[in-house]
Undergrad: 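Would you mind keeping the following structure in view while I ask a few things?
Hydrogens, waters and symmetry mates are skipped; everything else that's a heavy atom, side chains included, is used.
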Amino acid sequence: MNALEIRHDLGTSVTVRDGGTELFRYVYQPDTVQLESPKPYIHPLRTRAGKVVSLFRPHDHVWHKGIAWSLPHVGEENFWGGPTYIHGRFYVQLENNGTQAHRRVVDLDRTDGAATFTHDLDWTTQSGALFFTERRTLRASLISPHAWALTFETRMTNVSGRNVAMGSPTTKGRENAGYGGLFWRGPRSFTGGQFVTEEGMGGDEVRGRRMEWMGFAGRHDERDAQSLVLMLDDTANPSHPPQWFARTEEFACLNPAPFFSEELTVEDGATVRFRYGVGIADAEASAAPALAEAVRRVLTPSDTPSARAAESSSGPFATE
């Protein structure tokens with residue numbers, strides 16, 4: 001397999017390439033307006049064959065940007081974008097759209113066939129108060145000729161001077177709207193696509209259910225081809241396995257939501273960690289279980305019994 005290349009556009013973004021294909025661009029210092037809660041994002045996101053599997057700033061939710069770490073309720077602050085859900089009033093635009101601001105690059109590395117980028121961020125409210133500091137790492141690894149994996153890890157430290165509850169519209173009273181966390185928005189052509197879980201393919205009754213992983217198979221316009229995007233929750237994450245916020249009608253999205261129905265309170269001075277694996281493949285829905293196993297091998301340290309067992313497995317996404 002090709003060795004990954006990583007390019008750094010100073011002060012703006014990093015881009016990871018697989019030969020002639022740009023797998024993704026991570027914009028760590030965007031020019032987003034305050035209303036959309038400025039935050040780093042991944043877009044475009046592509047398969048190894050070059051098919052785009054993300055959407056940027058759709059007209060229905062302009063704060064959706066490819067893949068982003070987006071939190072709608074951090075105390076009374078909004079680091080998601082747009083209006084805030086207030087029970088009894090629905091969504092209200094407030095002056096509480098916070099910013100995830102890049103502070104410094106920690107690491108930019110290409111070793112063992114993988115490309116890694118680590119940076120520090122400050123989470124600042126619209127009024128200028130520093131709420132959290134964060135260290136975030138993205139790592140791209142090739143899985144097979146048809147698939148690659150993205151590891152996303154964040155460590156957030158509460159520096160606000162008080163305890164802060166992270167939640168969702170559901171924890172604030174809106175039924176079955178527990179979104180928040182690592183959120184993927186798929187292309188328009190993926191609308192009406194197919195969910196895949198450990199229990200099989202199809203079905204729309206997945207929102208709010210607890211699962212370790214979920215895949216989404218969608219079709220592309222023009223090429224008439226399918227791609228598969230899968231997200232896997234690390235076993236050490238709070239509330240593992242997570243409840244999922246996922247949609248196929250109206251638009252395509254996946255979100256392992258750690259605060260779907262219950263708030264997570266981060267005490268002052270405490271650090272909370274989240275880690276996820278994202279699999280991107282030129283494949284159909286039936287390949288999701290094998291892709292999930294391959295992403296798990298990437299996500300799990302190789303010195304654990306489960307990882308050693310996984311490494312002995314074979315399949316279409318066995319690591320080469």
Undergrad: If two hydrophobic side chains count as joined below 4.5 Å and joins carry through other members, does Met156 share a cluster with Tyr179?
TA: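 No; tracing contacts between hydrophobic side chains, which count when under 4.5 Å, never links both residues.
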
Undergrad: Has Ser13 got a side-chain atom pairing as donor or acceptor with Arg25's backbone, closer than 3.5 angstrom?
TA: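 Side chain of Ser13 to backbone of Arg25: no pair is present.
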
Undergrad: Is the side chain of Thr300 donor-acceptor paired with the backbone N or O of Arg297 at a distance under 3.5 Å, no angle test?
TA: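 No; judged by distance alone, with no hydrogens or angles, the pair does not exist.
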
Undergrad: Give a yes-or-no answer on whether the side chains of Ser54 and His43 include a donor-acceptor pair shorter than 3.5 Å.
TA: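 Side-chain D/A pair, Ser54 to His43: present.
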
Undergrad: Tyr91 vs Tyr85 aromatic rings, parallel, tilted or perpendicular, using cut-offs 30° and 60°?
TA: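 Ring orientation of Tyr91 relative to Tyr85: perpendicular.
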
Undergrad: So which heavy atom on Ala68 is nearest to which on Pro40, and how close?
TA: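 In this case the closest contact between Ala68 and Pro40 is CB-O, 3.8 Å.
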
Undergrad: Keeping Gln29 on the side-chain end and Gly11 on the backbone end, is there a donor-acceptor pair under 3.5 Å?
TA: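 Flag set: sc Gln29 to bb Gly11 pair under 3.5 Å.
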
Undergrad: To the closest 0.5 Å, what do you measure between CD (Glu77) and CH2 (Trp123)?
TA: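 The CD atom of Glu77 sits 12.0 Å away from the CH2 atom of Trp123.
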
Undergrad: Which atom pair, heavy atoms only, marks the closest approach of Pro30 to Tyr41?
TA: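 Residues Pro30 and Tyr41, closest heavy atoms: CB-CE2, 3.8 Å.
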
Undergrad: Quick one: do Glu212 and Arg296 make a salt bridge, cutoff under 4.0 Å?
TA: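 Answer for the salt bridge query: yes.
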
Undergrad: Once you round to the nearest 0.5 Å, how far does CG of Leu228 lie from OG1 of Thr47?
TA: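 Interatomic distance, Leu228 CG to Thr47 OG1, rounded to 0.5 Å: 11.0 Å.
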
Undergrad: By the rule that ILVMFWY residues connect when side-chain heavy atoms come within less than 4.5 angstrom, directly or transitively, which residues belong alongside Leu10?
TA: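 When side chains under 4.5 Å apart are linked, Leu10 ends up in no cluster with other residues.
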
Undergrad: Are Trp244 and Phe260 close enough that their ring centres sit under 6.0 Å apart?
TA: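 Not close enough - the centres of the two rings lie 6.0 Å or further apart.
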
Undergrad: Is there a donor-acceptor contact under 3.5 Å from the side chain of Ser160 to the main chain of Phe131?
TA: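 No, because the side chain of Ser160 does not come within donor-acceptor range (under 3.5 Å) of the backbone of Phe131.
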
Undergrad: What do the steps show when you test Glu199 against Arg209 for side-chain contact (heavy atoms from CB on, under 4.5 Å), and what is the final call?
TA: CA-CA 12 Å; Glu199 299 174 1; Arg209 292 175 57 188; 2.4 Å; yes

Undergrad: For Pro72 and Gly180, which heavy atoms make the closest approach, and how far apart are they?
TA: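 So the minimum-distance heavy-atom pair works out to CD-CA, 3.7 Å.
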
Undergrad: What's the verdict on side chain to side chain donor-acceptor pair (under 3.5 Å) for Tyr26 and His119, showing C-alpha distance, side-chain angles and the deciding distance?
TA: CA-CA 12 Å; Tyr26 177 61; His119 68 135; 2.8 Å; yes

Undergrad: I'd like to know if the side chain of Thr170 reaches the main chain of Arg174, judged simply by a donor and an acceptor atom lying under 3.5 Å from each other, with no hydrogens or angles considered.
TA: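 Indeed, once roles are kept as given, a pair shorter than 3.5 Å links the two residues.
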
Undergrad: Between the side chains of Glu263 and Lys172, is the shortest nitrogen-to-carboxylate-oxygen separation below 4.0 Å, so that they form an ion pair?
TA: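 Counted as a salt bridge, because a side-chain N and a carboxylate O are separated by less than 4.0 Å.
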
Undergrad: State, with a plain yes or no, whether a side-chain heavy atom of Met231 is found less than 4.5 Å away from one of Pro256.
TA: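 Yes, close enough: below the 4.5 Å cut-off.
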
Undergrad: Can we say Glu250 and Arg247 salt-bridge, meaning some charged N sits less than 4.0 Å from an Asp/Glu carboxylate O?
TA: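 The answer is yes: the pair qualifies as a salt bridge.
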
Undergrad: Any chance you could lay out the side-chain contact (heavy atoms from CB on, under 4.5 Å) test for Ile280 and Phe24, step after step, and finish with the verdict?
TA: CA-CA 11 Å; Ile280 300 96; Phe24 72 92; over 6 Å; no

Undergrad: Report the distance from atom CD1 of Ile6 to atom CG of Asp109, rounding to the nearest 0.5 Å.
TA: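 Ile6 atom CD1 to Asp109 atom CG measures 8.0 Å (nearest 0.5 Å).
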
Undergrad: Check whether any side-chain N or O of Arg207 sits under 3.5 Å from a backbone N or O of Asn176 as a donor-acceptor pair, and report yes or no.
TA: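 Yes.
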
Undergrad: Any side-chain donor-acceptor pair under 3.5 Å between Thr191 and Glu249?
TA: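 Side-chain D/A pair, Thr191 to Glu249: absent.
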
Undergrad: Hey, could you give me the OG1/CZ distance between Thr118 and Arg104, rounded to the nearest 0.5 Å?
TA: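 Result: 10.5 Å between the selected atoms.
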
Undergrad: Any carboxylate oxygen within less than 4.0 angstrom of a Lys/Arg side-chain nitrogen, looking at Asp120 and Arg135?
TA: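 Answer for the salt bridge query: yes.
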
Undergrad: Counting N and O atoms only, with roles assigned by atom type, does the side chain of Asn158 sit under 3.5 Å from a partner on the main chain of Arg162, one being a donor and the other an acceptor?
TA: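 Yes.
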
Undergrad: Please determine if Asp60 and Arg185 form a salt bridge, counting it only when a charged side-chain N lies under 4.0 Å from a carboxylate O.
TA: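 Yes, Asp60 and Arg185 are salt-bridged.
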
Undergrad: Between Asp122 and Thr124, is any side-chain donor less than 3.5 angstrom from a side-chain acceptor?
TA: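 No, Thr124 and Asp122 have no side-chain donor paired with an acceptor closer than 3.5 Å.
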
Undergrad: Could you tell me the separation between the OG atom of Ser168 and the CZ atom of Phe259, rounded to the nearest 0.5 Å?
TA: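 Spacing of OG (Ser168) from CZ (Phe259) equals 9.0 Å.
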
Undergrad: Treating Thr151 as the side-chain partner and Gly277 as the backbone partner, does any N or O pair qualify as donor plus acceptor under 3.5 Å?
TA: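 Checked: no pair found.
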
Undergrad: In this structure, is the centre-to-centre distance between the rings of Phe251 and Phe190 below 6.0 Å?
TA: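 No, the ring centres sit 6.0 Å or more apart.
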
Undergrad: Honestly curious: do Val16 and Tyr28 fall in one hydrophobic cluster under the side-chain, below-4.5 Å linking rule?
TA: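 They do share one cluster, since a chain of ILVMFWY contacts under 4.5 Å joins Val16 to Tyr28.
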
Undergrad: Would Arg46 and Glu22 satisfy salt bridge (charged side-chain N to carboxylate O under 4.0 Å, His left out), going step by step from the backbone distance to the final call?
TA: CA-CA 7 Å; Arg46 292 185 174 90; Glu22 179 184 299; 3.4 Å; yes

Undergrad: Start with the C-alpha gap between Thr125 and Asn96, add the side-chain angles, then the distance that decides, and say whether side-chain contact (heavy atoms from CB on, under 4.5 Å) holds.
TA: CA-CA 7 Å; Thr125 69; Asn96 69 340; over 6 Å; no

Undergrad: More than 12 heavy atoms of other residues, nucleotides or ligands under 6.0 Å from CD of Glu262: yes or no?
TA: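 Open: at most 12 neighbouring heavy atoms sit under 6.0 Å from CD of Glu262.
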
Undergrad: Are Glu36 and Arg57 within salt-bridge range, i.e. N to O under 4.0 Å?
TA: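 Salt bridge flag = yes for Arg57 with Glu36.
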
Undergrad: May I ask you to check whether over 12 heavy atoms, not counting those of Glu267, lie within 6.0 Å of atom CD?
TA: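 Result for CD/Glu267: open.
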
Undergrad: Between His61 and Trp80, does the ring pair (Phe, Tyr, Trp, His ring centres under 6.0 Å) criterion hold? Intermediate values first, please.
TA: CA-CA 11 Å; His61 296 78; Trp80 174 271; 8.3 Å; no

Undergrad: Would a single hydrophobic cluster contain both Ile42 and Leu108, if residues Ile, Leu, Val, Met, Phe, Trp and Tyr are joined by side-chain heavy-atom contacts under 4.5 Å?
TA: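 Linked within one cluster.
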
Undergrad: How long is the straight-line distance from CG of Leu150 back to CG of Leu182, given to the nearest 0.5 Å?
TA: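 With rounding to 0.5 Å, CG (Leu182) is 8.0 Å from CG (Leu150).
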
Undergrad: Between Trp69 and Phe183, is the ring centre distance below 6.0 Å?
TA: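 Judged by ring-centre distance (under 6.0 Å), Trp69 and Phe183 do not meet the cut-off.
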
Undergrad: Any side-chain donor paired with an acceptor under 3.5 Å for Ser227 and His220?
TA: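 Present: a donor and an acceptor within the cut-off.
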
Undergrad: Side-chain contact, heavy-atom cut-off 4.5 Å: Leu94 with Pro83?
TA: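 No, too far: nothing below the 4.5 Å cut-off.
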
Undergrad: Do the numbers put Arg275 on top of the ring of Phe152, so that NZ or CZ is under 6.0 Å from the six-membered ring centre and no more than 45° off the axis?
TA: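 Relative to the ring axis of Phe152, which defines the angle, Arg275 lies outside at least one limit.
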
Undergrad: More than 12 foreign heavy atoms under 6.0 Å from CD of Glu76: is that the case here?
TA: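 No, because the 6.0 Å sphere around CD of Glu76 holds 12 heavy atoms or fewer from other groups.
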
Undergrad: Between Asn78 (side chain only) and Asn97 (backbone N and O only), is there a donor and an acceptor less than 3.5 Å apart?
TA: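 Looks like no, no N/O pair under 3.5 Å.
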
Undergrad: Inspect the surroundings of CZ in Arg89 and state if more than 12 heavy atoms from other residues, nucleotides or ligands are less than 6.0 Å away.
TA: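 At most 12 heavy atoms, drawn from other residues, nucleotides or ligands, come within 6.0 Å of this atom.
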
Undergrad: Evaluate side chain to side chain donor-acceptor pair (under 3.5 Å) for Glu134 paired with Thr154, printing each intermediate quantity in order.
TA: CA-CA 7 Å; Glu134 179 192 3; Thr154 174; 2.5 Å; yes

Undergrad: Starting from Phe216, can I reach Leu55 by hopping between I/L/V/M/F/W/Y residues whose side chains sit under 4.5 Å apart?
TA: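 Leu55 and Phe216: separate clusters.
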
Undergrad: When you check the gap from the basic side-chain N to the acidic O, do Glu153 and Arg273 get nearer than 4.0 Å?
TA: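 Result for this pair is yes, salt bridge flagged.
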
Undergrad: Can you hop from Phe245 to Trp184 via hydrophobic side chains spaced under 4.5 Å?
TA: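 No; Trp184 is not reachable from Phe245 via cluster members.
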
Undergrad: Given Asp282, which of Arg223, Lys51, Arg48 fulfils the salt bridge (charged side-chain N to carboxylate O under 4.0 Å, His left out) condition?
TA: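 The passing option is Lys51.
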
Undergrad: Are Phe195 and Met214 close enough, and set up right, to give a side-chain contact (heavy atoms from CB on, under 4.5 Å), and what steps lead you there?
TA: CA-CA 7 Å; Phe195 291 132; Met214 185 182 295; 4.0 Å; yes

Undergrad: Asp107 side chain to Thr116 main-chain N or O, any donor-acceptor pair under 3.5 Å?
TA: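 Not confirmed, Asp107 side chain does not pair with Thr116 backbone.
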
